[in-house]
Amino acid sequence: MKLRPLAAALLGLASASDLHADSSESTASNDLELIVVSGRAEKPLKDVAGSVSVVTNDEIEQLQLNDMNQLFQYEPGVEVTGAAGSAQNILVRGMGGDRVLIIKDGMRVNEGYGANGQNDIIGRGFIEVDTLKQVEIAKGAASSLYGSDALAGIVVFTTKDANDYLEDGEQFGGAVKTGYTGITHQSHVSPTLALRTGHFEQLLHMTYRDGEEQQNFDESQNPFEIESKSLLYKAKYKLDGEDFINFTIDHWNQESTGDSADGLLHYFRGLADYGYNIKKEQSLSDKQTRAYQLRYHSETPSAFYDQLNINLYKNESEQEDEQYAQLDINAPMFGVIEIRDMWETSLYSQDTIGLLSNASKILNETHILGYGLDLEQTESQRSVHQYREVKGNSTLDVTTEKFPKNEVSRAGLFLNDEMTFANGQLTITPGVRYDWYEMDPNGAEKSDGTPFATIEESNFSFNLGALYRINSQLSAFAQYGQGFKVPAYDLAYIEHYLQPTSSYAYQILPADDLDPETSNTFELGLRGHLGPIAFSTAAFYTEYDDFLETVLINSEIMNNDDGSFSHVFEQYQYQNIDSVTIKGVELSANWYLTPAFELFANASYQRGENDTTGEYLTTISPLSGVVGASYTSAKLSSQVLLRWADRMNRVNDGKAEVPNYGAVDWTLGYQLMHKMSFNLAVNNLLNKEYVPYLNVAGWDKGSDLTINSAPRRTFSASLKYDF
């Protein structure tokens with residue numbers, strides 16, 4: 001796993017490894033020395049503080065990772081909820097929702113939308129995996145780098161460039177890749193063209209995928225069909241020296257179609273005994289993102305900087321969900337006998353324009369100054385149109401806004417200084433950032449006629465990292481980071497009424513007086529190599545203050561006019577609670593037995609609780625990790641990986657526990673000829689039936705957990721030709 005710069009996102013964080021050294025001992029040493037991440041300039045891992053996980057393009061191909069929910073299955077402390085085609089959300093050390101900032105090629109990606117901030121309706125995975133050169137995850141609070149939303153960490157996606165396909169002196173090149181993914185019964189093809197003419201480089205990458213939703217172990221679900229298309233175009237013009245201008249167009253679209261309309265029919269599912277019979281149902285979900293970026297990079301020294309990056313971008317994300325159902329109603333007791341056609345169209349859109357800039361300047365031998373200015377504006381809306389028809393006549397035609405169309409403005413200014421002492425043995429990196437934030441509901445009013453409030457906040461975030469080089473083989477680091485997140489539009493402004501069953505209804509009331517969430521992360525770590533063994537370990541403690549959760553504020557029993565029971569009505573509202581705490585330990589080790597053969601292992605332990613109630617957080621996974629072995633030669637490579645998780649019994653009263661499990665995966669890569677390679681992956685090789693905890697977190701005791709079990713044994717393969 002070879003790491004590369006963190007896309008100008010992480011100043012002072014790093015991780016590294018290299019699997020191809022001349023001897024086992026030098027390989028372990030290089031595992032800690034070759035790769036660099038400082039965000040602005042390259043440096044060895046032994047010179048930086050903090051925890052970073054990385055997934056490279058080589059790993060994506062070798063492990064046959066074809067969807068965002070597969071990307072981090074071998075990374076300790078990082079997980080993804082949701083299956084292919086559905087809403088997906090990245091969790092870092094047990095914290096997800098919109099509390100993890102996601103950046104793609106220097107651009108902020110869309111926020112999610114859903115119950116309790118878990119993004120179960122609109123996800124954040126508008127990503128084509130095959131375009132990725134690498135993914136990096138900085139764990140812990142990092143608002144001193146990117147401001148609001150970096151409450152629990154930062155995920156940075158970096159896409160491929162033309163020079164990834166062109167060697168020195170080459171003018172034309174590219175690749176054609178095709179394959180099949182058994183987890184989603186998906187076929188895919190990805191042609192790539194790269195062109196270099198003088199100082200001008202261009203890349204055109206396209207991907208087409210056709211498959212279906214991920215199945216459970218019993219294959220008892222009726223999966224949606226999924227089709228996705230992606231286009232990535234990059235144009236780079238080299239100026240003097242290492243200076244360049246880069247223009248990017250990134251389009252992605254995914255359609256999911258199925259014979260289920262649960263969102264439209266939730267109220268009618270249990271009414272067949274009363275004469276409400278569902279005759280037809282179908283749905284279509286259309287997700288798309290359109291991103292455009294103009295970037296200027298300079299390494300020509302001036303009085304103000306040695307390196308400068310300026311990114312101007314526009315990112316448009318949209319999801320439209322259409323559902324249709326037909327009811328054959330024969331309910332004379334209610335005076336209803338009819339054929340009813342029903343439609344519901346939900347639209348979510350979020351558009352962001354931004355200017356992100358950063359620069360670094362070497363002041364002297366002991367000080368490297370980093371600074372930057374960020375300006376962003378985001379517009380978000382969510383509307384739902386409901387239409388019903390009987391015999392061609394409209395009986396319902398209503399459009400509602402789940403929250404008012406709003407504009408969010410952000411401005412941030414950051415500064416940090418990398419300082420070295422004791423002849424280079426000690427490096428201390430303090431950083432501070434000031435952020436201003438305003439969310440404007442554009443004069444919209446609540447249902448009671450009062451206006452939604454404009455939310456305006458400002459915040460200082462501080463970070464302090466220290467790294468001490470014990471000797472040439474070992475280094476210890478410590479880091480303190482602050483994070484903050486202004487209440488999101490869907491938590492502050494949502495106003496929602498729903499009657500999911502005939503006997504229960506609930507309402508969510510707006511709460512536009514919420515305080516920002518804040519976090520404080522403390523981390524201690526040790527990394528190094530002892531002969532042929534390279535290792536890294538870290539212990540962390542994070543406290544989230546003013547944490548936002550839904551709170552039940554009213555519960556009533558509603559009666560009919562004759563005094564008989566009608567339904568239970570409950571009212572909820574998002575409110576700040578005092579705090580929640582997450583703590584844990586992560587470790588990883590690589591033992592290079594020979595230049596070709598390696599053993600490796602990693603593990604992550606987390607524990608999270610509500611400090612007020614003492615209840616467990618449902619986003620915390622049990623002790624889990626990976627143990628494996630790999631072999632690499634000139635033409636052949638192979639890995640055996642055991643993914644394991646301990647029993648999850650730290651659950652709240654009345655909630656389901658999940659048994660432990662171990663699942664074996666196997667990969668094989670073979671260089672068929674100089675320009676052609678083949679990769680095969682077998683997931684769940686031993687056909688083990690198991691349920692990942694996050695798939696059923698918070699489910700009631702006694703629930704049928706197998707509905708969300710992991711897939712049975714599946715095969716995935718790809719063939720790639722480089723030219």
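Positions are given from 1, in the same order as the sequence printed here.
- Judged as a ring-ring contact (aromatic ring centres under 6.0 Å, His included), and not counting sequence neighbours, Phe547 has no contacts.
- Lys139 has a carboxylate O that lies under 4.0 Å from a charged side-chain N of Glu586, or vice versa, which qualifies the two as a salt bridge.
- Neither side chain, Ser285 nor Glu320, offers a donor N or O lying under 3.5 Å from an acceptor on the other.
- Using modelled atom types, one side-chain atom of Gln482 and one backbone atom of Phe462 make a donor-acceptor pair closer than 3.5 Å.
- Side chains of Asn163 and Lys236 form a contact here, defined as non-hydrogen atoms less than 4.5 Å apart.
- Using a distance-only test at 3.5 Å, with no hydrogens or angles considered, no donor-acceptor pair links the side chain of Asp321 to the main chain of Leu347.
- Contacts of Tyr541 classified as ring-ring contact (aromatic ring centres under 6.0 Å, His included), with partners at least two apart in sequence or in another chain: none.
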Using side chain to side chain donor-acceptor pair (under 3.5 Å), reason through Asp611 and Thr581 one step at a time and then give a plain yes or no. CA-CA 7 Å; Asp611 296 331; Thr581 299; 2.8 Å; yes

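- Side-chain polar atoms of Asn520 and Tyr480 form a donor-acceptor pair below 3.5 angstrom.
- Side-chain contact of Gln606 with Ser621: a donor-acceptor pair under 3.5 Å is absent, judged by distance alone.
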Show the numbers, then the answer: is there a side chain to side chain donor-acceptor pair (under 3.5 Å) between Asn57 and Glu59? CA-CA 5 Å; Asn57 174 64; Glu59 291 176 285; over 6 Å; no

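- Tyr113 does not carry Arg382 over the face of its six-membered ring by the limits of under 6.0 Å from the centre and within 45° of the normal.
- Using a distance-only test at 3.5 Å, with no hydrogens or angles considered, no donor-acceptor pair links the side chain of Ser346 to the main chain of Val384.
- Residues forming a ring-ring contact (aromatic ring centres under 6.0 Å, His included) with Phe452 (at least two apart in sequence, or on another chain): Tyr493.
- A distance-only check finds a donor-acceptor pair linking the side chain of Gln88 to the backbone of Asn69 [under 3.5 Å].
- Checked by atom type, the side-chain pair Asp286/Gln288 shows no donor-acceptor distance below 3.5 Å.
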Yes or no on side chain to side chain donor-acceptor pair (under 3.5 Å) for Tyr313 and Glu376, after CA distance, side-chain angles and deciding distance? CA-CA 9 Å; Tyr313 77 91; Glu376 294 178 303; 2.4 Å; yes

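- In terms of the ring-ring contact (aromatic ring centres under 6.0 Å, His included) criterion, residue partners of Tyr292 (sequence neighbours excluded) are, by chain and number, His251.
- Annotation: side chain of Phe421 is in contact with side chain of Ile428 (closest heavy-atom distance under 4.5 Å).
- Using a 4.5 Å heavy-atom threshold, the side chains of Leu548 and Pro487 count as touching.
- Checked by atom type, the side-chain pair Asp105/Thr159 shows a donor-acceptor distance below 3.5 Å.
- Residues Gln479 and Phe540 have side chains not in contact (no heavy-atom distance under 4.5 Å, counting atoms from C-beta outward).
- Using modelled atom types, one finds a donor on one side chain and an acceptor on the other under 3.5 Å when comparing Gln134 with Glu136.
- Side-chain contact between Tyr296 and Leu239 is present, with heavy atoms from C-beta onward closer than 4.5 Å.
- Side chains of Val92 and Ile137 form a contact here, defined as non-hydrogen atoms less than 4.5 Å apart.
- Using a cutoff of 4.0 Å between basic side-chain nitrogens and carboxylate oxygens, Asp164 and Lys133 are scored as salt-bridged.
- Side-chain contact, Gln350 with Glu111: a donor N or O sits under 3.5 Å from an acceptor N or O.
- A donor-acceptor pair under 3.5 Å is absent between the side-chain atoms of Thr289 and the main chain of Trp252, judged by distance alone.
- Taking 4.0 Å as the cut-off between side-chain N and carboxylate O, Glu543 and Lys583 do not count as a salt-bridged pair.
- Asp98 has a carboxylate O that lies under 4.0 Å from a charged side-chain N of Arg124, or vice versa, which qualifies the two as a salt bridge.
- Asn110 places a side-chain heavy atom less than 4.5 Å from the side chain of Phe126.
- Lys234 and Asp161 are joined by a salt bridge, as a carboxylate oxygen and a charged side-chain nitrogen come within less than 4.0 angstrom of each other.
- Between Leu509 and Tyr572 there is no side-chain heavy-atom pair separated by less than 4.5 Å.
- The salt bridge (charged side-chain N to carboxylate O under 4.0 Å, His left out) contacts involving residues 346-370 comprise Asp306-Lys361, where partners must be two or more places apart or lie in separate chains.
- In this structure a side-chain-to-backbone donor-acceptor pair under 3.5 Å is present from Ser519 to Leu151.
- Under the 3.5 Å distance criterion, with hydrogens and angles disregarded, no donor-acceptor pair is assigned to the side chains of Ser144 and Ser461.
- With respect to Lys287 and Glu318, no salt bridge is recorded, no charged nitrogen being found less than 4.0 Å from a carboxylate O.
- No hydrogens or angles considered: nothing links the side chains of Arg290 and Ser317 as a donor-acceptor pair under 3.5 Å.
- Applying the salt bridge (charged side-chain N to carboxylate O under 4.0 Å, His left out) test to every pair with at least one member in residues 450-459, sequence neighbours left out, gives no pairs at all.
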